[in-house]
Amino acid sequence: VVLGVECLGEAEIRPGSLKPFKKVRVYSGGRDKISPLQEILELKSEASRLGLANIDFIFFPELGHALFLSPAFRERFHHE
C-alpha cells in the first residue's frame, strides 16, 4: 500500500498521452492541496500548446482533492 501511495505522489499526466482518447475531462478543486490549481493550469497550457481539443477542464473552486465525495460535484457531474 505504501509503495502504491508513493507512486501516486510521483505520477503526472502528460497531455500528449491523452491524444488517442475521444474525450477527456479533468476535474479540479480550488482547495486541492495534493494537485493544486497551478499544476492543473500548467497541464491546461501544455494541452493547448499541443492543440489538444479533446480535453475539458472543469473547476470547482470550493472543493478539495476528493471532489467525487461532494454532493455539488455529483450533481454537476451527472448533468454534464
Can you name the salt bridge (Lys or Arg N to Asp or Glu O under 4.0 Å) partners of E46, sequence neighbours left out?
-> R49
Please list every donor-acceptor pair under 3.5 Å in which a side-chain atom of residues 58-71 meets a protein atom from a residue at least two apart or in another chain.
unit_1	atom_1	unit_2	atom_2	d
H65	ND1	D32	OD1	3.0
H65	ND1	D32	OD2	2.8
S70	OG	A72	N	3.1

Say you draw a straight line from CG of D56 to NZ of K44; how long is it, rounded to the nearest 0.5 Å?
-> 9.5 Å
Atom CD1 in I55, atom NZ in K19: separation rounded to 0.5 Å?
-> 10.5 Å
Atom NZ of K23 with >12 non-hydrogen neighbours under 6.0 angstrom = yes
What pair of heavy atoms forms the shortest contact from S35 to I40, and how long is it?
-> OG-CD1, 3.8 Å
Just how far is it from atom CG of L37 to atom OG of S28, taken to the nearest 0.5 Å?
-> 5.5 Å
If Ile, Leu, Val, Met, Phe, Trp and Tyr residues are connected whenever their side-chain heavy atoms lie under 4.5 Å apart, and connections chain through other members, are L52 and L41 in the same group?
-> no
Take atom CZ of R74 as the centre, draw a 6.0 Å sphere, and report whether it contains more than 12 heavy atoms from other residues, nucleotides or ligands.
-> yes
